[in-house]
Visitor: 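Shown below is the structure under consideration.
As the structure is a computational prediction, the values presented were derived from the model and not from experiment.
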Protein chains: 2
Amino acid sequence: MAYASEYPPFYVTVDIVVLTILDGALHALAIRRGGEPFQGVRALPGGFVGIEEDLRDAARRELEEETGFRVHDDALEQVGAYGAPDRDPRYRVVSVAWLAAVPEASAVRGGTDAAHASWEPVDALLAEELAFDHADILRRAVDRARELVLNPVEGRRPLAASLLADEEVSLSQLRAVHEAVLGRTLDPGNFQRKVKSTQQIVEPTGRRESSASGRGRPAELFRLTPPRVSA
Amino acid sequence: MAYASEYPPFYVTVDIVVLTILDGALHALAIRRGGEPFQGVRALPGGFVGIEEDLRDAARRELEEETGFRVHDDALEQVGAYGAPDRDPRYRVVSVAWLAAVPEASAVRGGTDAAHASWEPVDALLAEELAFDHADILRRAVDRARELVLNPVEGRRPLAASLLADEEVSLSQLRAVHEAVLGRTLDPGNFQRKVKSTQQIVEPTGRRESSASGRGRPAELFRLTPPRVSA
DNA sequence: CCAAAAGTGTTGGATGTACACCCATGG
DNA sequence: CCATGGGTGTACATCCAACACTTTTGG
């Protein structure tokens with residue numbers, strides 16, 4: 001690398017917006033910073049990209065280190081690159097932000113980095129100060145998540161599916177997830193038709209919920225349609 | 001920077017998909033690589049980000065150097081970050097891709113870098129081999145441009161407006177631009193109503209085209225609505 | 001029987017597309 | 001008068017939101 005010195009070196013990191021549903025509300029994984037800058041302030045989990053590592057793989061690795069959760073390669077959605085010169089006062093860093101969704105059940109299995117990682121309601125996070133430009137990243141990631149829930153990308157696992165713990169769900173469960181992401185209620189009847197009409201999301205199993213689950217009429221159970229291979 | 005050596009250094013570049021309309025077809029700016037790797041192969045214009053430079057500013061600077069064209073800050077749309085470890089065989093580089101649109105008139109005023117920059121039809125570029133992962137970038141940028149033409153982002157200058165040379169245009173001119181970007185014809189009547197119904201795109205001037213311009217009935221002239229400041 | 005949740009039917013409005021039709025100009 | 005493009009009217013399909021209504025369970 002003789003010409004190396006001619007151009008400035010950067011640090012490249014990934015920041016990850018990990019979404020999940022908790023108590024019916026959208027939560028994101030956040031850490032509390034231990035050192036300067038932004039000591040004590042919440043931030044998104046993330047870390048440095050390895051010199052031989054793909055950006056997406058770096059996000060996947062960090063996600064696993066922070067949460068213990070392995071996601072499929074295509075379950076990570078790139079949100080964008082953030083590289084304002086002063087975004088980190090210590091050194092020049094460009095961060096590539098990613099969006100991931102994990103099922104509700106996922107307890108935070110703190111790895112090395114993340115003994116202090118916790119699920120926080122997205123609304124609360126957006127209301128408080130976040131480190132660096134993480135508020136921008138979070139806002140944008142949530143917007144993207146809402147888009148993805150409203151119209152899932154053909155041939156990929158829908159975001160709502162990634163947020164569900166079970167492979168077989170009732171449409172109420174699926175609707176609850178949509179409502180949590182969108183932050184508003186949806187009409188149950190219309191939701192049914194819409195989901196059932198496009199086969200892309202769920203397929204019927206013919207079975208019904210065990211009647212122990214609630215007050216009313218037991219719901220039909222549906223299987224999350226696996227992302228179909230495109231032609 | 002005592003801890004600097006602990007993490008790997010990257011090079012960070014910007015690549016820019018500069019779109020324009022030529023002969024009624026969508027064109028993008030391309031250079032032909034002079035050296036290895038990919039010698040003689042076409043590539044997107046781009047360059048290194050300065051150590052104190054914002055990513056968007058870097059894209060703007062490169063765009064000006066290549067085309068002599070100054071665009072507004074918000075006329076650059078980020079397409080994404082590309083950082084596969086082997087995307088450049090020489091060194092590890094992460095590139096942030098941007099989308100820009102300039103008016104038809106824009107002759108390529110070759111600057112230092114870009115004596116060999118030229119407008120090429122997008123279809124042709126997508127059909128041939130491009131350097132690095134520039135084919136991916138171009139594909140994605142064009143998709144994004146189509147989205148932006150179909151529904152412009154509130155409060156920002158519509159992409160079609162950036163592609164027009166004049167401030168006052170007929171709806172046919174505007175329609176021709178939309179057709180070039182989308183790669184298909186649009187119904188003239190429906191286009192009129194749609195554009196006129198949302199005031200976001202154009203506003204009437206009350207004047208008409210000078211009748212010297214063509215065969216048929218002279219068109220009304222419209223002014224491109226400047227991006228309105230949001231509340 | 002009553003409350004509650006699942007699921008179906010129906011309706012009205014908004015939107016998009018196809019296409020017929022009139023208008024204004026140059027030749 | 002005719003060809004050409006500008007512009008309007010209209011009809012139809014589709015989609016979506018609202019909401020009435022039936023079905024099936026637990027208490």
Side-chain angles (χ1 to χ4, degrees), chain A residues 24 146-152 154 158 160 164 166 168-224, chain B residues 24 146-152 154 158 160 164 166 168-224:
Chain A
R146 295 200 166 124
E147 277 180 44
L148 284 175
V149 156
L150 285 179
N151 34 14
E154 186 80 15
L164 286 164
D166 309 313
E168 295 193 351
V169 295
S170 70
L171 294 190
S172 305
Q173 290 175 279
L174 183 60
R175 176 165 51 85
V177 166
H178 281 240
E179 289 176 341
V181 173
L182 296 176
R184 61 186 168 94
T185 60
L186 297 173
D187 182 280
N190 294 333
F191 184 80
Q192 291 238 0
R193 259 185 306 260
K194 184 172 174 178
V195 167
K196 280 195 246 183
S197 64
T198 79
Q199 262 76 42
Q200 308 300 339
I201 320 252
V202 291
E203 47 196 28
T205 64
R207 288 180 296 113
R208 328 185 118 251
E209 233 173 13
S210 69
S211 50
S213 48
R215 293 261 169 291
R217 169 178 173 177
E220 282 184 56
L221 282 178
F222 292 81
R223 188 178 315 106
L224 299 172
Chain B
R146 295 200 167 123
E147 276 179 44
L148 284 175
V149 156
L150 285 179
N151 34 15
E154 185 81 14
L164 286 164
D166 309 312
E168 296 192 352
V169 295
S170 70
L171 294 190
S172 304
Q173 290 176 277
L174 183 59
R175 177 165 51 85
V177 167
H178 280 240
E179 290 177 340
V181 173
L182 295 177
R184 62 185 167 95
T185 61
L186 298 173
D187 183 281
N190 296 331
F191 184 78
Q192 291 238 0
R193 260 184 305 258
K194 183 171 177 179
V195 168
K196 280 195 248 184
S197 64
T198 80
Q199 263 76 40
Q200 308 300 340
I201 320 252
V202 291
E203 47 196 28
T205 65
R207 289 180 296 113
R208 330 186 116 251
E209 234 172 12
S210 69
S211 49
S213 49
R215 293 262 169 289
R217 169 176 171 179
E220 281 184 57
L221 282 178
F222 292 81
R223 188 178 317 107
L224 299 172

Visitor: Roughly how many Å is it from CD in A:E220 to P in D:dT25, rounded to a whole number?
Guide: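 Rounded to the whole Å, the gap is 12 Å.
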
Visitor: How many Å lie between CG on B:L150 and C1' on C:dT15, as a whole number?
Guide: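 Taking CG of B:L150 and C1' of C:dT15, I get 14 Å after rounding.
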
Visitor: Taking N and O atoms by type only, does the side chain of B:R215 place a donor or acceptor under 3.5 Å from a partner on the base of C:dT25?
Guide: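 Such a pair does not exist between side chain and base.
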
Visitor: To the nearest 0.5 Å, what is the distance between CD1 (B:I201) and CZ (B:F222)?
Guide: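 Here the interatomic distance stands at 12.0 Å.
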
Visitor: Between D:dA17 atom P and A:F191 atom CZ, what is the distance in whole Å?
Guide: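 Rounded to the whole Å, the gap is 12 Å.
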
Visitor: Measuring to OP1 and OP2 of D:dG9, would you say a side-chain N or O of B:R193 lies under 4.0 angstrom away?
Guide: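 So the side-chain polar atoms of B:R193 never come under 4.0 Å of the phosphate oxygens OP1 or OP2 of D:dG9.
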
Visitor: Roughly how far apart are B:T198 OG1 and B:K194 NZ, rounded to 0.5 Å?
Guide: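 Answer for the OG1-NZ pair, B:T198 versus B:K194, is 8.5 Å.
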
Visitor: Distance check needed: D:dT24 C1' versus A:R217 CZ, whole Å only.
Guide: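 So the two atoms are 5 Å apart, to the nearest Å.
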
Visitor: Quick one: on DNA chain D, does A:R208 or B:F222 contact a more 5' nucleotide (nearest heavy atom)?
Guide: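 First, find each residue's nearest nucleotide; the 5'-ward one identifies B:F222.
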
Visitor: Among C:dG7, D:dG6, D:dA18, which is the nearest nucleotide to the side chain of A:D187?
Guide: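 Given the options C:dG7, D:dG6, D:dA18, the side chain of A:D187 is closest to D:dA18.
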
Visitor: Figure out the CG/C1' separation between B:N151 and C:dT15, and round it to whole Å.
Guide: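 Nearest whole value for this atom pair: 13 Å.
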
Visitor: Roughly, in whole Å, what's the span from CG in B:N190 to C1' in C:dC19?
Guide: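 In whole Å, C:dC19 C1' and B:N190 CG are 9 Å from each other.
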
Visitor: Distance check needed: C:dA6 C1' versus A:L221 CG, whole Å only.
Guide: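 Spelled out: CG on A:L221 to C1' on C:dA6 is 12 Å.
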
Visitor: For D:dT8 and B:K196 - does any side-chain N or O of the residue sit under 4.0 Å from the phosphate oxygens OP1/OP2?
Guide: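 It does, given that an N or O in the side chain of B:K196 lies less than 4.0 Å from OP1 or OP2 of D:dT8.
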
Visitor: Measure CZ/A:R184 against C1'/D:dA17 and give the value in whole Å, please.
Guide: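 After rounding, the reported distance stands at 10 Å.
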
Visitor: First locate atom CG of A:L224, then atom CG of A:L174, and finally report the distance between them rounded to the nearest 0.5 Å.
Guide: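 Taking CG in A:L224 and CG in A:L174, the distance rounds to 7.5 Å.
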
Visitor: In Å, rounded to the nearest 0.5 Å, how long is the span from CZ of A:R223 to CG of A:D166?
Guide: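 A:R223 CZ to A:D166 CG: 13.5 Å, rounded to 0.5 Å.
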
Visitor: Counting side-chain heavy atoms from C-beta on, which of C:dT8, D:dG6, D:dT24 comes nearest to A:Q192?
Guide: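 Within the option list, the nearest is C:dT8.
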
Visitor: Quick one: on DNA chain C, does B:G189 or A:A219 contact a more 5' nucleotide (nearest heavy atom)?
Guide: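 First, find each residue's nearest nucleotide; the 5'-ward one identifies A:A219.
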
Visitor: Could you tell me whether a side-chain N or O of A:Q192 sits under 3.5 Å from a main-chain N or O of A:G189, the two making a donor and an acceptor?
Guide: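 Absent.
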
